[in-house]
Enquirer: 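One structure is given below, represented as structure tokens, and several questions about it will come after.
Worth knowing before you read on, the calculation uses all heavy atoms, side chains too, and leaves out hydrogens, waters and symmetry mates. Keep in mind it's a predicted model, so treat the numbers as computed, not measured. As the structure lists them, so they are numbered: ligands from 1, and atoms in each ligand from 1.
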Amino acid sequence: MTILAVNNVAKRFGKLAAVKGITLEIPEGQIRALIGPNGSGKTTMFHLISGFLRPTSGDIRFQGHSIKGKRPHQIAKRGLVRTFQLTSIYREMTVRENVTMGHHIHAGRRARPRPTLEKLPRFEAVEESTGWILDFMGLSDEAETTARLLPAGMQRVLSIATALAVRPTLLMLDEPLAGLNPTEKSDVAQKIASLRDHGITILLVEHDVRSVLSVCELITVIDFGEKIAEGTADEVTSNPAVIEAYLGKQSRHDA
Ligand code: ADP
Ligand code: MG
């Protein structure tokens, strides 16, 4: 069954066509990567799907219902939850407090800088859920550690953990592996795979093709706001259009 259907979605910023009619379908239980060079429209796609931006045209369906024009917190409540490109954790809170806070439907967490733990509903249930998430994500030993003291890889795992608190059925991760060393990358990738094994569908955005190859079942490649390829890791990495998109950018970048 298709959990997310993006149909011919476009987004303009004034004169700039950032996304030019992208269609993609994600079956339930898949780990899908959306990759593309810098500026290709990946983050914009993320904002469109999660309701932070409204498409100029096209439609987006989640579990069969259109979510076009719905607000981020409404979409999150339905089970489509995202993380932000830069780790979205409260650096001065402990690991446990971060996951506890995640139980807020926190679409506007950046706009609300001072939420309070006391305002959380049903504290026992939240406490139990927090314990489960910490355990599942391998963060129990660090539960009382201040978030900023964690190594980068664990901070990334923590930001995924806070998103789990919203009970996603589809979890969108923006560059979850970026800036991590190889060991951290493989740790986080393993965590992502285990989420899928627990029935959570994953859509992740990455700039670097190589880091997603081992994790993802299907890869969608975009360039200049258009889909240029879709397939398995082998298909995508041997696709001339994909090679050109990346190498072309690289050589222009080096010049
Ligand atoms: P990626 O995440 O793939 O690096 P983005 O989705 O961030 O790419 O950006 C795609 C294009 O849209 C870029 O040219 C970027 O400069 C432009 N863009 C993104 N957000 C905005 C915005 N809010 N206003 C104007 N242009 C934007
Ligand atoms: Mg981006």
Side-chain angles (χ1 to χ4, degrees), residues 4 6-24 26 31-60 67-69 71-72 75 80-89 107-111 152 155-156 159-160 163 170-180 185 188-189 192 202-213 215-216 218-231 233 236-237 239 241-255:
L4 182 76
V6 174
N7 185 20
N8 204 19
V9 160
K11 179 66 185 175
R12 303 190 64 90
F13 296 110
K15 282 183 182 160
L16 177 82
V19 173
K20 302 171 188 163
I22 287 185
T23 295
L24 56 92
I26 303 177
I31 303 183
R32 172 75 60 95
L34 181 67
I35 67 165
N38 274 331
S40 56
K42 303 181 296 293
T43 298
T44 302
M45 280 296 291
F46 239 59
H47 291 327
L48 292 169
I49 294 169
S50 53
F52 285 78
L53 284 174
R54 198 189 169 93
T56 309
S57 59
D59 193 28
I60 302 170
I67 52 168
K68 185 181 174 180
R71 311 200 31 140
I75 293 173
L80 201 169
V81 179
R82 63 168 294 179
T83 61
F84 286 86
Q85 183 160 0
L86 296 172
T87 313
S88 46
I89 56 175
R109 79 186 302 172
R110 296 214 157 155
Q155 290 192 13
R156 204 62 59 79
S159 76
I160 298 173
L170 172 63
L171 181 60
M172 305 209 305
L173 306 170
D174 198 356
E175 306 212 14
L177 306 175
L180 302 181
K185 272 187 187 173
V188 175
I192 293 171
I202 312 273
L203 171 60
L204 59 89
V205 155
E206 274 297 337
H207 168 64
D208 178 22
V209 198
R210 278 160 307 173
S211 61
V212 299
L213 295 182
V215 206
C216 294
L218 210 70
I219 298 174
T220 302
V221 189
I222 64 173
D223 191 26
F224 292 114
E226 285 177 294
K227 181 155 98 177
I228 59 166
E230 194 164 73
V236 159
T237 48
N239 183 313
V242 176
I243 294 165
E244 165 59 23
Y246 274 86
L247 295 182
K249 285 275 163 62
Q250 194 70 54
S251 53
R252 255 174 276 157
H253 196 74
D254 292 344

Enquirer: Answer with yes or no whether Gly36 contacts ligand 1, where contact means a heavy atom under 4.0 Å from a ligand atom.
Expert: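 No heavy atom of Gly36 comes that close to ligand 1.
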
Enquirer: Using a 3.5 Å distance criterion without hydrogens, assess whether the side chain of Arg156 forms a donor-acceptor pair with backbone atoms of Lys185.
Expert: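 Side chain of Arg156 to backbone of Lys185: no pair is present.
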
Enquirer: Grab the two heavy atoms, one from Ile31 and one from Val215, that are nearest each other, plus how far apart they are.
Expert: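 Heavy atoms only, the tightest pair is CD1-O, 3.7 Å.
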
Enquirer: Within the 4.0 Å heavy-atom shell around Pro37, which atoms of ligand 1 are there?
Expert: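 Those atoms are 3 (O).
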
Enquirer: Heavy-atom pairs closer than 4.0 Å: do any link ligand 1 to the side chain of Leu16, the backbone, both, or neither?
Expert: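 The part of Leu16 near ligand 1 is the side chain, not the backbone.
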
Enquirer: Any N/O/S atom, side chain or main chain, of Thr43 closer to the Mg ion (ligand 2) than 2.8 Å?
Expert: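 Yes, Thr43 qualifies, because one of its backbone or side-chain N, O or S atoms lies under 2.8 Å.
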
Enquirer: Taking all heavy atoms of Lys227 and all of Thr23, pick out the closest pair and write down the distance.
Expert: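 Shortest heavy-atom separation between Lys227 and Thr23 comes out as NZ-O, 2.7 Å.
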
Enquirer: Select the closest option to atom 7 (O) of ligand 1 among Val19, Leu53, Thr43, Leu48, judged by heavy-atom distance.
Expert: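 The residue whose heavy atom sits nearest atom 7 (O) of ligand 1 is Thr43.
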
Enquirer: Which atoms form the tightest heavy-atom contact between Asp174 and Thr83, and what is the distance?
Expert: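 Nearest pair, atom of Asp174 first, then Thr83: N-OG1, 3.5 Å.
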
Enquirer: For ligand 1, find out whether one of its N or O atoms is nearer than 3.5 Å to an N or O atom of Gly39.
Expert: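 Among all N and O atoms of Gly39, at least one is under 3.5 Å from an N or O of ligand 1.
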
Enquirer: Are any of the N or O atoms of Phe13 closer than 3.5 Å to those of ligand 1?
Expert: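 No, since none of the N or O atoms of Phe13 sits under 3.5 Å from an N or O of ligand 1.
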
Enquirer: Between Ser57 and Asn8, is any pair of side-chain heavy atoms under 4.5 Å apart?
Expert: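 Contact flag for Ser57/Asn8 side chains = no.
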
Enquirer: Show the atoms of ligand 1 that are less than 4.0 angstrom away from any heavy atom in Asn38.
Expert: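 Near Asn38, the atoms of ligand 1 are 4 (O).
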
